[in-house]
Engineer: 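Below you will find the structure I want to go over with you.
These values consider heavy atoms only, across backbone and side chains, with no hydrogens, waters or symmetry-generated copies. Both counts, for ligands and for their atoms, begin at 1 and track the order of listing.
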Amino acid sequence: MKVFQIQDDWGFENLRLATRPDPKPGPGQVLLRMKAASLNYRDLVVPNRGYGSFTGTLPLIVLSDGVGEVIECGAGVGRVRIGDRVCPLFNQGWIGGEPSLERMTKTLGGPLDGTMAEYMVLPEEGVARVPEHLTDEQAATLPCAALTAWSALVTYGDLGPGSRVLVQGTGGVALFALQFAKLLGAHVTVISSSDEKIARARALGADAAINYSTTPEWYRATREITGGRGYDHIVELGGEKTLEQSLRCIRPGGTLSMIGVLSGGRLAAPLGLVVTRQVRLQGITVGHRDGFEAMTRAIAQHRLEPVVDRVFAFEELKEAMDYLKGGRHFGKICIRHR
Ligand SMILES: NC(=O)c1ccc[n+]([C@@H]2O[C@H](COP(=O)([O-])OP(=O)(O)OC[C@H]3O[C@@H](n4cnc5c(N)ncnc54)[C@H](OP(=O)(O)O)[C@@H]3O)[C@@H](O)[C@H]2O)c1
């Protein structure tokens with residue numbers, strides 16, 4: 001089968017189109033014919049052996065997110081059937097419950113082989129069905145970006161109608177956060193570097209928006225939006241350069257979901273604000289299968305459609321990664337496998 005893998009040594013220059021033997025499912029496993037994949041910011045970090053404790057071995061098939069069709073089941077498989085369209089779960093070991101090291105370290109696209117392969121063999125416990133109304137590319141966006149936003153706002157959040165939410169940027173996680181927060185009846189503010197993207201975010205349901213390039217001290221502009229009360233929940237994707245502003249516009253007792261470190265990963269914020277505002281700083285690492293299944297039920301019920309910016313062919317993975325690096329995208333970048 002055709003794969004895209006980091007070969008021989010770490011580094012983008014070692015990302016290669018290659019072939020591997022077609023896999024066969026053993027007992028309790030399923031064979032997927034992959035249909036589509038999607039890119040996350042993480043996929044730009046893994047080839048350079050990012051993430052402090054990353055201990056993957058090479059060669060490594062890249063990308064975490066995708067969707068495929070079950071074409072063969074090993075002995076004893078009962079959760080899914082041949083013909084089902086399923087997503088491989090990002091956290092293969094986390095079915096539900098509390099996070100633990102064991103549950104959170106078996107992740108696809110590093111250290112485990114990812115979704116840039118024609119076929120994947122996975123334990124039946126490591127896949128979950130996807131809503132029928134989604135295209136393959138839309139379904140491929142769910143395991144990492146969508147579940148992260150869902151975990152922040154639903155599994156570990158407590159949003160309700162009228163809650164005030166702030167979302168940073170218009171990338172993959174951000175637009176899912178916008179869509180889920182609207183589905184829960186919240187009032188959503190989006191900050192973005194582009195007026196054109198702001199117009200598109202408003203069309204998706206954003207109630208308020210601030211251009212953080214032209215208004216660098218954006219937290220001041222939020223006072224009017226929240227009537228001075230502050231946000232109930234902030235989806236923190238910027239990290240180092242945005243955290244301080246987030247702490248200045250969250251309401252006392254609000255939740256700050258720490259998800260991304262797009263502007264740097266060091267702590268450079270007045271911690272006193274966390275204390276005096278009694279802020280809940282909630283780290284998020286994607287989520288578990290129970291969360292994924294709750295999310296796909298909600299997506300199916302509301303016929304929610306993930307935002308796909310652009311689709312590339314399998315062989316165009318490097319072009320897709322360059323496009324992601326360029327930051328012009330709005331929502332998700334996908335790969336069509338065939
Ligand atoms: N913890 C987890 O489980 C988890 C899961 C998924 C992703 N993440 C992390 O979350 C972050 C976003 O991932 P993604 O895949 O959604 O990325 P993405 O699709 O590449 O989104 C990037 C967008 O973020 C916005 N942005 C960049 N710098 C910003 C800043 N300083 N302030 C505000 N917005 C900024 C930009 O939006 P505009 O162009 O509109 O300005 C940019 O287009 C990454 O750090 C990623 O590693 C974490």
Engineer: Flag Ile284 as yes when one of its N or O atoms lies below 3.5 Å from any N or O atom of ligand 1, and as no otherwise.
Structural biologist: yes
Engineer: Who gets closest to atom 22 (C) of ligand 1 by heavy atom: Val235, Thr141, Leu262?
Structural biologist: Leu262
Engineer: Is a side-chain donor-acceptor pair under 3.5 Å present for Glu240 with Ser263?
Structural biologist: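 No, no side-chain donor-acceptor pair sits under 3.5 Å.
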Engineer: Taking 4.0 angstrom as the limit and counting only heavy atoms of His329, give me the atoms of ligand 1 inside it, by number and element.
Structural biologist: 18 (P), 19 (O), 20 (O), 21 (O)
Engineer: Enumerate the atoms of ligand 1 whose separation from the nearest heavy atom of Leu324 is less than 4.0 angstrom.
Structural biologist: 20 (O)
Engineer: Would you mind listing which atoms of ligand 1 come within a distance below 4.0 Å of any non-hydrogen atom of Val173?
Structural biologist: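 Counting atoms of ligand 1 from 1, those under 4.0 Å from Val173 are 6 (C), 7 (C), 16 (O).
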Engineer: By number and element, which atoms of ligand 1 are closer than 4.0 Å to a non-hydrogen atom of Leu237?
Structural biologist: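 Answer, ordered by atom number: 10 (O).
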Engineer: Just checking, any donor-acceptor pair under 3.5 angstrom between side chains of Asp195 and Asn211?
Structural biologist: yes
Engineer: Going by heavy atoms, is Met258 under 4.0 Å from ligand 1?
Structural biologist: no
Engineer: Name the option, out of Trp218, Tyr212, Phe176, Phe330, that contains the heavy atom nearest to atom 36 (C) of ligand 1.
Structural biologist: Tyr212
Engineer: Just going by heavy-atom distances, which of Gly171, Ala177, Gly265, Ser246 is nearest to atom 21 (O) of ligand 1?
Structural biologist: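 The nearest heavy atom belongs to Gly171.
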Engineer: So, does Lys197 sit close enough to ligand 1 that a heavy atom of it is under 4.0 Å from the ligand?
Structural biologist: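 For ligand 1, residue contact (heavy atoms, under 4.0 Å) with Lys197 is present.
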Engineer: Tell me whether Tyr119 is reachable from Val3 by hopping between hydrophobic residues (I, L, V, M, F, W, Y) whose side-chain heavy atoms are closer than 4.5 Å.
Structural biologist: yes
Engineer: With no hydrogens and no angle check, do the side chains of Glu236 and Gln168 hold a donor and an acceptor under 3.5 Å apart?
Structural biologist: yes
Engineer: Would you indicate whether the side-chain heavy atoms of Ser163 and His233 approach each other to under 4.5 Å?
Structural biologist: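 They are not in side-chain contact.
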Engineer: Would Gly172 count as being in polar contact with ligand 1, using the rule that some N or O on each side must be under 3.5 angstrom apart?
Structural biologist: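 Yes, there is a polar N/O contact under 3.5 Å.
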Engineer: With a cut-off of under 6.0 Å to the ring centre and 45° to the axis, is Arg338 in cation-pi contact with Phe314?
Structural biologist: no
Engineer: Is there a polar contact between ligand 1 and Gly331, counting only N or O atoms under 3.5 Å apart?
Structural biologist: no
Engineer: Please list, chain by chain and in numerical order, all residues satisfying salt bridge (charged side-chain N to carboxylate O under 4.0 Å, His left out) with Arg248, sequence neighbours excluded.
Structural biologist: Glu244
Engineer: Is it the case that the ring center of Trp218 lies less than 6.0 angstrom away from the ring center of Tyr212?
Structural biologist: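 No, the ring of Tyr212 stays outside the 6.0 Å limit from the ring of Trp218, centre to centre.
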Engineer: Could you tell me if the side chain of Ile82 sits less than 4.5 Å from the side chain of Val30, heavy atoms only?
Structural biologist: no
Engineer: Run the numbers for me: atoms of ligand 1, each under 4.0 Å from some heavy atom of Ser192, listed by number.
Structural biologist: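 Matching atoms, with element in brackets: 38 (P), 40 (O), 41 (O).
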Engineer: Does NZ or CZ of Lys325 lie under 6.0 Å from the centre of the six-membered ring of Phe12, at an angle within 45° of the ring axis?
Structural biologist: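 Yes - Lys325 lies over the ring of Phe12, closer than 6.0 Å to its centre and within 45° of its axis.
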Engineer: So if I count the atoms of ligand 1 from 1 in the order they appear, which ones are less than 4.0 Å from some heavy atom of Val261?
Structural biologist: 45 (O)
Engineer: For Ser193, counting its heavy atoms only, list the atoms of ligand 1 lying under 4.0 Å from any of them.
Structural biologist: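 In order of number, 38 (P), 39 (O), 40 (O), 41 (O).
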Engineer: Give yes or no for whether the N/O distance cutoff of 3.5 Å, strictly under, is met between Val286 and ligand 1.
Structural biologist: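 Yes: some nitrogen or oxygen of Val286 is under 3.5 Å from one in ligand 1.
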Engineer: Is the side chain of Thr215 donor-acceptor paired with the backbone N or O of Glu217 at a distance under 3.5 Å, no angle test?
Structural biologist: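 Here the side-chain-to-backbone pair does not exist.
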Engineer: List ligand 1 atoms under 4.0 Å from Thr170, heavy atoms only on the residue side.
Structural biologist: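 Close to Thr170: 37 (O), 38 (P), 39 (O), 40 (O).
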Engineer: Say whether Tyr41, considering both its backbone and side-chain N or O atoms, lies within less than 3.5 Å of an N or O atom on ligand 1.
Structural biologist: yes
